[in-house]
Protein chains: 2
Amino acid sequence: MTNAHKQNSMALFRDKCRQHNLSITPQRTVIYQELVKSKNHPDSEDIYRTIKNIFPEISLDTVYRTLAKFAEIGLIHLVEGYGEAKRYDPDTNNHHHFRCSECNKIVDFHDDSFDNLKVPKAFQKSFKVVNVKIILEGTCDECIKKL
Amino acid sequence: MTNAHKQNSMALFRDKCRQHNLSITPQRTVIYQELVKSKNHPDSEDIYRTIKNIFPEISLDTVYRTLAKFAEIGLIHLVEGYGEAKRYDPDTNNHHHFRCSECNKIVDFHDDSFDNLKVPKAFQKSFKVVNVKIILEGTCDECIKKL
DNA sequence: TTTTCTGCAAATCCTTTGCATATCC
DNA sequence: GGATATGCAAAGGATTTGCAGAAAA
């Protein structure tokens with residue numbers, strides 16, 4: 001996160017909380033601060049461990065609840081782990097996936113422009129990229145009808 | 001999976017198993033057959049439930065072990081759920097992620113060509129796509145040095 | 001017959017939930 | 001003061017593990 005973003009982040013935090021009628025508690029404040037400082041896309045345990053030092057009475061499930069809530073209101077993003085079970089695909093040919101956020105259905109699709117993406121040069125130099133995974137997220141045709 | 005693929009799939013299964021010195025057991029055979037038949041990217045429970053009818057003595061952890069093994073040798077792909085804890089990102093600006101398969105580190109990157117992908121027309125018609133998630137998978141600079 | 005796999009049960013890891021108390025607005 | 005959040009403890013779901021017997025190469 002850039003410095004400009006860091007400076008504004010606490011204001012963003014307060015605005016977002018007010019918008020969604022969330023109380024601004026010391027726990028939430030500290031959790032958000034730690035998250036903004038972090039560089040490694042932490043999980044709840046990571047945040048909990050860090051905060052314990054400066055806020056010993058905080059509980060792990062508050063961290064879980066708070067991070068989930070932050071993600072729900074769009075203050076932060078969930079980048080790994082969806083709480084879902086592992087799901088498998090017997091088709092190993094090149095294709096991509098759409099996942100419906102409502103019913104968790106996964107639909108395959110093929111698209112040339114998605115297949116031919118060039119990995120950024122900065123990565124090719126020092127990283128070995130084996131796979132490019134693309135997931136479209138949204139609402140599927142059936143769920144649109146239901147809503 | 002197309003008919004051509006289905007016809008070849010059992011041969012593929014046997015070849016891959018032989019290549020990796022895996023015994024061809026009834027359990028593995030049935031699990032792979034069910035997976036090929038499936039259309040919905042099933043999880044271990046789904047496969048287990050389906051197989052129970054025709055193979056009542058199979059155990060759930062065999063299904064878990066088998067699917068993990070199949071994915072390991074590249075016979076099938078893991079498409080959802082990484083067994084990892086949920087991880088969060090305080091940066092809500094447009095960017096993408098690289099994840100190291102060795103150390104699970106997640107690195108942010110920015111790239112215009114990735115930002116400007118056009119969602120396939122077939123999807124725009126009947127699906128509502130809210131987000132395009134791109135994850136590069138591979139080995140990071142530090143882990144390359146270690147290996 | 002030697003290696004590999006399976007089934008069972010127990011354990012583990014991540015996460016959620018119910019409830020009483022404490023805190024925020 | 002009423003709504004909301006927290007902490008604790010217990011429960012839950014998904015997955016893994018250790019081990020002994022069974023099946024594969």
Side-chain angles (χ1 to χ4, degrees), chain A residues 10 13-34 41-73 75-76 78-88 104, chain B residues 10 13-34 41-52 54-73 75-76 78-88 104 106:
Chain A
M10 293 318 291
F13 163 69
R14 276 187 289 270
D15 287 351
K16 275 279 185 184
C17 284
R18 286 203 193 97
Q19 275 171 37
H20 294 269
N21 293 313
L22 299 188
S23 314
I24 294 169
T25 65
Q27 288 90 338
R28 285 181 177 154
T29 307
V30 175
I31 290 170
Y32 185 68
Q33 280 171 341
E34 281 309 319
H41 308 80
D43 63 20
S44 299
E45 276 282 344
D46 295 331
I47 295 287
Y48 176 66
R49 218 178 309 116
T50 311
I51 289 179
K52 263 254 147 169
N53 299 317
I54 51 172
F55 200 143
E57 64 275 33
I58 203 165
S59 84
L60 177 57
D61 56 6
T62 295
V63 178
Y64 269 99
R65 273 191 274 232
T66 301
L67 292 176
K69 192 54 110 175
F70 286 172
E72 189 190 319
I73 66 172
L75 178 61
I76 65 176
L78 177 60
V79 292
E80 261 302 329
Y82 293 86
E84 263 193 53
K86 288 179 182 163
R87 293 171 66 178
Y88 296 92
N104 288 329
Chain B
M10 293 319 291
F13 163 69
R14 277 187 287 271
D15 288 350
K16 275 279 185 184
C17 284
R18 287 204 191 96
Q19 275 171 35
H20 294 269
N21 294 313
L22 299 188
S23 314
I24 294 168
T25 66
Q27 289 90 337
R28 284 180 178 157
T29 307
V30 176
I31 291 170
Y32 186 67
Q33 279 172 340
E34 281 309 321
H41 308 80
D43 64 19
S44 300
E45 276 281 345
D46 295 331
I47 294 287
Y48 176 67
R49 218 177 310 115
T50 311
I51 289 179
K52 262 255 147 169
I54 52 174
F55 200 143
E57 65 274 34
I58 203 163
S59 84
L60 177 57
D61 57 5
T62 296
V63 179
Y64 269 100
R65 273 191 275 233
T66 301
L67 292 176
K69 192 55 109 175
F70 285 172
E72 187 189 319
I73 66 173
L75 177 61
I76 65 177
L78 177 60
V79 293
E80 260 302 328
Y82 293 87
E84 262 192 56
K86 287 180 182 163
R87 293 170 66 177
Y88 296 92
N104 288 329
I106 295 175

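All values below were derived from every heavy atom in this structure, side-chain atoms included, with hydrogens, water molecules and symmetry-related copies excluded. On a predicted model such as this, the values are computed, not experimentally measured, just so you know. Each chain gets a letter, A, B and so on, in the order its sequence line appears, and its residues count up from 1.
Sequence order on DNA chain C of the closest nucleotides to A:G81 and B:T66 puts B:T66 first from the 5' end. Nearest-nucleotide positions on DNA chain C place B:R87 closer to the 5' end than the other of A:I24 and B:R87. Of the residues near DNA chain D, B:L22 and B:L60, the one whose nearest nucleotide (by heavy atom distance) lies more toward the 5' end is B:L60.
Residue B:Q27 contributes atom CD, which lies 9 Å from atom C1' of D:dA23 at whole-angstrom precision. Summarising the geometry, the separation between CD on B:E72 and P on D:dT15 is reported as 16 Å, rounded to the nearest angstrom. Taking atom CZ of residue A:F70 and atom C1' of nucleotide D:dA5, one finds them 12 Å apart after rounding to whole Å. In this structure, the CZ atom of B:R28 is 13 Å from the C1' atom of D:dA25, given to the nearest Å. Separating the NE2 atom of A:H20 from the P atom of C:dC25 is a distance of 16 Å, rounded to the nearest angstrom. Note: CG (A:N21) to C1' (D:dG2) measures 14 Å, nearest angstrom. Between B:I51 atom CD1 and C:dT6 atom P there is a gap of 11 Å when expressed in whole angstrom units. Between the CD atom of B:E84 and the P atom of D:dA14 there is a distance of 18 Å, rounded to whole Å.
Distance from the side chain of A:S23 is smallest for C:dC25 among the nucleotides C:dT4, C:dT6, C:dC25. When distances run from any side-chain atom of A:S59 to the nucleotides C:dG7, C:dC24, D:dG7, the shortest one goes to D:dG7. The side chain of B:K86 lies closest to C:dT16, out of C:dC24, C:dT6, C:dT16. The side chain of A:T25 has D:dA5 as its nearest neighbour among D:dC8, D:dA5, C:dT6. With distances taken from any side-chain atom of B:A85 to the nucleotides C:dG7, C:dT15, D:dT6, the minimum falls on C:dT15. Here the side chain of B:T62 is nearest to one of C:dG7, D:dA14, D:dA5, namely C:dG7.
To the nearest 0.5 Å, the span separating CD on B:E84 from CG on B:N104 amounts to 4.0 Å. From A:L75, atom CG reaches atom OG1 of A:T66 across 11.0 Å, with rounding to the nearest 0.5 Å. Of the inter-residue distances, the one linking A:I31 atom CD1 with A:T25 atom OG1 reads 7.0 Å to the nearest 0.5 angstrom. The distance from the CZ atom of B:F55 to the OG1 atom of B:T29 is 9.0 Å, given to the nearest 0.5 Å. A:I24 CD1 to A:Y32 OH: the interatomic distance, rounded to the nearest 0.5 Å, is 12.0 Å. The distance from the SG atom of B:C17 to the NZ atom of B:K69 is 10.5 Å, given to the nearest 0.5 Å.
Between the side chain of A:K86 and the main chain of B:L78, no donor-acceptor pair closer than 3.5 Å is present. Checking side-chain atoms of A:D61 against main-chain N and O of A:Y64 turns up no donor-acceptor pair under 3.5 Å. A donor-acceptor pair is defined here as one N or O able to donate and one able to accept, closer than 3.5 Å; such a pair exists between the side chain of A:R87 and the backbone of B:H41.
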At a cut-off of 3.5 Å, list every protein nitrogen or oxygen paired with a nitrogen or oxygen from nucleotides 17-21 of chain C, distance to 0.1 Å.
from, atom 1, to, atom 2, distance (Å)
C:dT17, O4, A:D61, OD2, 3.1

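Look at B:Y64 and you won't find any side-chain N or O under 4.0 angstrom from OP1 or OP2 of D:dT16.
Taking 4.5 Å as the limit, some side-chain heavy atom of A:R28 sits within range of a side-chain heavy atom of A:F13.
B:E57 comes within 4.0 angstrom of sugar-phosphate atoms only, judged by non-hydrogen atoms across all strands, and of no base.
Each end of the helix from C:dT1-D:dA25 to C:dC25-D:dG1 gets its own rotation axis from five pairs of C1' atoms, and the angle between them is 40° to the nearest 10 degrees.
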